[in-house]
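If you're wondering where the values come from, they're calculated on a predicted model, not measured in any experiment.
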Amino acid sequence: MGNLCTCLAPKTTVKRKQRPTKRLPNPGPVANTSNRWSRIRSGSRKDKLDDAMLQEQALAAAILFRQHQQQNGGAGLPFDRSTSLRYSNGSKKTQLPRSSSSRARSLTDPLLQPHQLVNRDVKLDDLETNHFILVHGGGFGAWCWYKSIALLEEGGFRVTAIDLTGSGIHSFDTNGITSLSQYVKPLTDFLEKLADGEKVILVGHDFGGACISYAMELFPFKISKAIFIAAAMLTNGQSTLEMFSQQTGSNDLMRQAQIFLYANGNDHPPTAIDLDKSLLKELLFNQSPAKDIALASVSMRPIPFAPVLEKLSLSDLQYGSVRRYYIETPEDNAIPISLQESMTNSSPPKQVFRLKGADHSPFFSKPQALHKLLVEISKISST
């Protein structure tokens with residue numbers, strides 16, 4: 001989402017130029033890593049790349065389907081298209097394959113097993129809550145969290161990844177969304193149904209930061225902590241548009257990528273914003289693996305325009321009572337680090353973390369390091 005809305009004036013309709021994403025071959029076996037994703041060593045290079053992409057897409061879908069079956073006793077009941085719930089499997093954990101990357105891993109993002117990322121001295125039952133609610137950014141869906149879901153679940157945490165209205169597998173037409181409350185409804189519905197006394201940790205990415213802020217104002221007593229990942233962290237009376245318009249200078253890359261959609265006609269305001277697929281890598285995924293960029297290019301949907309314009313009403317009594325933490329992404333081309341710092345200075349959270357080497361989508365570019373930060377924040381006591 002980034003500063004998608006730094007300019008409201010309609011621009012000349014951009015004809016999308018589809019250019020194939022360059023994919024790099026997967027590396028050879030790495031020491032101490034899982035062999036669950038064995039490579040086929042015969043066949044053409046194109047076949048291998050296509051197979052890797054299909055595996056990645058299948059994994060994201062399989063996580064959704066697996067938990068749906070578990071919750072319904074294996075019965076083929078209709079799938080709830082508003083939320084995607086994923087919980088740990090109890091005493092026997094199903095081993096989920098983690099993705100491999102065509103890039104070299106830095107020391108800040110080592111290839112570790114989930115049990116190595118979680119402090120073994122920490123007892124999950126002693127935490128205020130071990131339930132994470134993951135809220136995607138503009139254009140994304142619950143699918144973007146598949147690496148974080150697998151790592152958290154294998155560490156024993158409960159995870160719920162929400163598809164906001166018109167996002168991911170939610171069937172509503174994005175162009176028909178007219179308010180922030182409508183866009184955030186799958187999240188607020190979920191929080192409203194939580195049992196009395198149950199608390200969760202809200203995690204918001206990108207425009208998802210404004211969405212979790214809206215929920216914090218409504219349900220502060222159900223939220224233990226709020227974590228903003230390269231996200232819009234607004235102040236009272238601000239809209240996402242206003243926040244991003246404060247950025248000094250113009251983001252030419254973002255302007256080039258924007259494609260305004262006018263479902264109600266060109267003489268009416270835009271109804272949604274799409275992004276030029278050929279610019280996704282440079283804008284959102286400049287440090288991410290090629291296969292994750294391919295997954296995003298076929299999964300991202302337009303961003304509803306009306307919620308971006310809406311001013312938030314945030315009070316100290318409600319929103320201000322929830323502990324906030326911010327994770328900065330220094331290699332971000334969508335929400336530059338300068339803008340992230342401006343937001344944390346305007347509305348200081350409890351603590352700010354910097355995820356070295358992360359682009360705008362650290363759940364792809366730095367999944368292990370992001371996971372470790374999420375776990376560490378969950379351990380921070382309220383006292």
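Side-chain atoms of Lys281 and Asn286, non-hydrogen and from C-beta on, never get closer than 4.5 Å to each other. Using a 4.5 Å heavy-atom cutoff, the side chains of Leu187 and Ile133 are in contact. Counting only heavy atoms from C-beta outward, the side chains of Leu261 and Asn175 approach each other to under 4.5 Å.
Considering only residues two or more places apart in sequence or on other chains, Leu218 meets the side-chain contact (heavy atoms from CB on, under 4.5 Å) condition with Thr188, Tyr214. Judged as a salt bridge (charged side-chain N to carboxylate O under 4.0 Å, His left out), and not counting sequence neighbours, the contacts of Glu128 are Lys199, Arg323. With sequence neighbours excluded, no residue forms a salt bridge (charged side-chain N to carboxylate O under 4.0 Å, His left out) with Lys350. In this structure Glu310 satisfies the salt bridge (charged side-chain N to carboxylate O under 4.0 Å, His left out) test with no other residue, sequence neighbours excluded. Judged as a salt bridge (charged side-chain N to carboxylate O under 4.0 Å, His left out), and not counting sequence neighbours, the contacts of Lys185 are Asp189. With sequence neighbours excluded, the residues forming a ring-ring contact (aromatic ring centres under 6.0 Å, His included) with Phe132 are Phe157, listed by chain and number. Under the side-chain contact (heavy atoms from CB on, under 4.5 Å) criterion, Ala231 pairs with Phe228, not counting sequence neighbours. By the ring-ring contact (aromatic ring centres under 6.0 Å, His included) test, Phe363 is found to be paired with Phe140, Trp145, His205, residues two or more places apart in sequence or in another chain being considered. The side-chain contact (heavy atoms from CB on, under 4.5 Å) test applied to Leu280 returns Leu275, Lys277, Leu284, Phe285, Ser297, Met300, not counting sequence neighbours. Glu198 pairs by the side-chain contact (heavy atoms from CB on, under 4.5 Å) definition with His131, Arg158, Leu194, Ala195, not counting sequence neighbours.
In this structure, the side chain of Ser224 does not engage the main chain of Thr129 through any donor-acceptor pair within 3.5 Å. A donor-acceptor contact shorter than 3.5 Å links the side chain of Lys225 to the backbone of Ile380.
When all heavy atoms of Gly168 and Asp163 are compared, the closest pair comes out as CA-OD1, 3.4 Å. Counting all heavy atoms, side chain and backbone alike, Pro270 lies closest to Phe305 at O-CD2, 3.4 Å.
Residue pairs satisfying the side chain to side chain donor-acceptor pair (under 3.5 Å) criterion with at least one member in residues 313-322, sequence neighbours excluded, are listed as follows: Glu217-Ser315. Residue pairs meeting the salt bridge (charged side-chain N to carboxylate O under 4.0 Å, His left out) criterion with at least one partner in residues 327-337, sequence neighbours excluded, are Glu328-Arg354.
Salt bridge status for Lys222 with Glu192: absent, with no side-chain N to carboxylate O gap under 4.0 Å. The pair Lys147-Asp292 meets the salt-bridge criterion, with a side-chain N (NZ, NE, NH1 or NH2) lying under 4.0 Å from an Asp/Glu carboxylate O.
Residues Asp359 and Ser361 bring no donor and acceptor atom of their side chains to less than 3.5 Å of each other.
Separation of atoms OG (Ser148) and CG (Leu370) is listed at 5.0 Å; rounding is to 0.5 Å.
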